[in-house]
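Some notes on the structure that comes next.
What you see below is based on every heavy atom in this structure, not just the backbone, and it leaves out hydrogens, waters and symmetry mates.
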Amino acid sequence: MELIVKTEVEAMTIDYDIETDGLYLQGKVEGKIEGFEIKEHEFVHTLWLQQDFSIEKMAMLVKATPERILEVIISFLQTEGLSEAEAIKAIAIHEEKFNPPMKE
């Protein structure tokens, strides 16, 4: 009997489309953070921490809008313990390096 079952099981074709699997789809959704792939979100963090790029330059590198970059940075700074107002102030100070105020 065991031989018959083994032969029958081996003869079965298993056709499973992983891309329709619920867990696969859940993981695909969880792999995004507010519309950004995780790797892009982390890339914005890395660019911010380097302090070498303006918001505009970061947006160009990540292929996102400056507004979206600001959202990600503000969110990152808030996880670091800053209030939203403090995060906005830190970004403004950062941006002054790249766009210094004009002297009269």
#### Entry: 4.5 Å side-chain heavy-atom contact, Phe98 and Ile55
no

### Message
Taking side-chain contact (heavy atoms from CB on, under 4.5 Å) as the definition, give me every residue that meets it alongside Thr7, ordered by chain and number, with sequence neighbours left out.
### Response
Leu3

### Task
Check for a donor-acceptor pair, side chain of Thr46 on one end and backbone N or O of Glu42 on the other, with a separation under 3.5 Å.
yes

#### Entry: side-chain contact (heavy atoms from CB on, under 4.5 Å) against Leu77, all qualifying residues, sequence neighbours excluded
Trp48, Ile73, Leu82, Ala87, Ala90, Ile91

### Task
Report, as yes or no, whether the 6.0 Å neighbourhood of atom CD on Glu84 holds more than 12 heavy atoms from other residues, nucleotides or ligands.
no

### Query
How many angstroms lie between CE in Met60 and OG1 in Thr65, if you round to the nearest 0.5 Å?
14.5 Å

### Task
Determine whether Gln51 and Lys97 make a side-chain contact, defined as any pair of heavy atoms from C-beta on separated by less than 4.5 Å.
yes

### Query
Do Ile74 and Leu49 share a hydrophobic cluster, counting only Ile, Leu, Val, Met, Phe, Trp and Tyr and linking them when any side-chain heavy atoms are less than 4.5 Å apart?
yes

### Pairing residues for Leu61 by the side-chain contact (heavy atoms from CB on, under 4.5 Å) criterion, not counting sequence neighbours
Phe43, Leu47, Phe53, Lys57

#### Entry: Closest heavy-atom pair and its distance - His41, Val72
NE2-CG1, 3.6 Å

#### Entry: Separation of His45 NE2 from Glu80 CD (nearest 0.5 Å)
8.5 Å

### Task
With salt bridge (Lys or Arg N to Asp or Glu O under 4.0 Å) as the test, would you mind laying out the steps for Glu71 and Arg68 before giving the verdict?
CA-CA 5 Å; Glu71 289 174 15; Arg68 183 67 186 121; 2.8 Å; yes

### Query
Shortest non-hydrogen contact from Pro66 to Ala59?
N-CB, 3.7 Å

### Message
Test of understanding: with side chain to side chain donor-acceptor pair (under 3.5 Å), list the residues that count as partners of Glu95, not counting sequence neighbours.
### Response
none

### Message
So which atom in Val62 and which in Glu40 form the shortest heavy-atom distance, rounded to 0.1 Å?
### Response
CG1-CB, 4.3 Å

### Task
Could you pull out all residues at least two apart from Glu2 that satisfy side chain to side chain donor-acceptor pair (under 3.5 Å)?
none

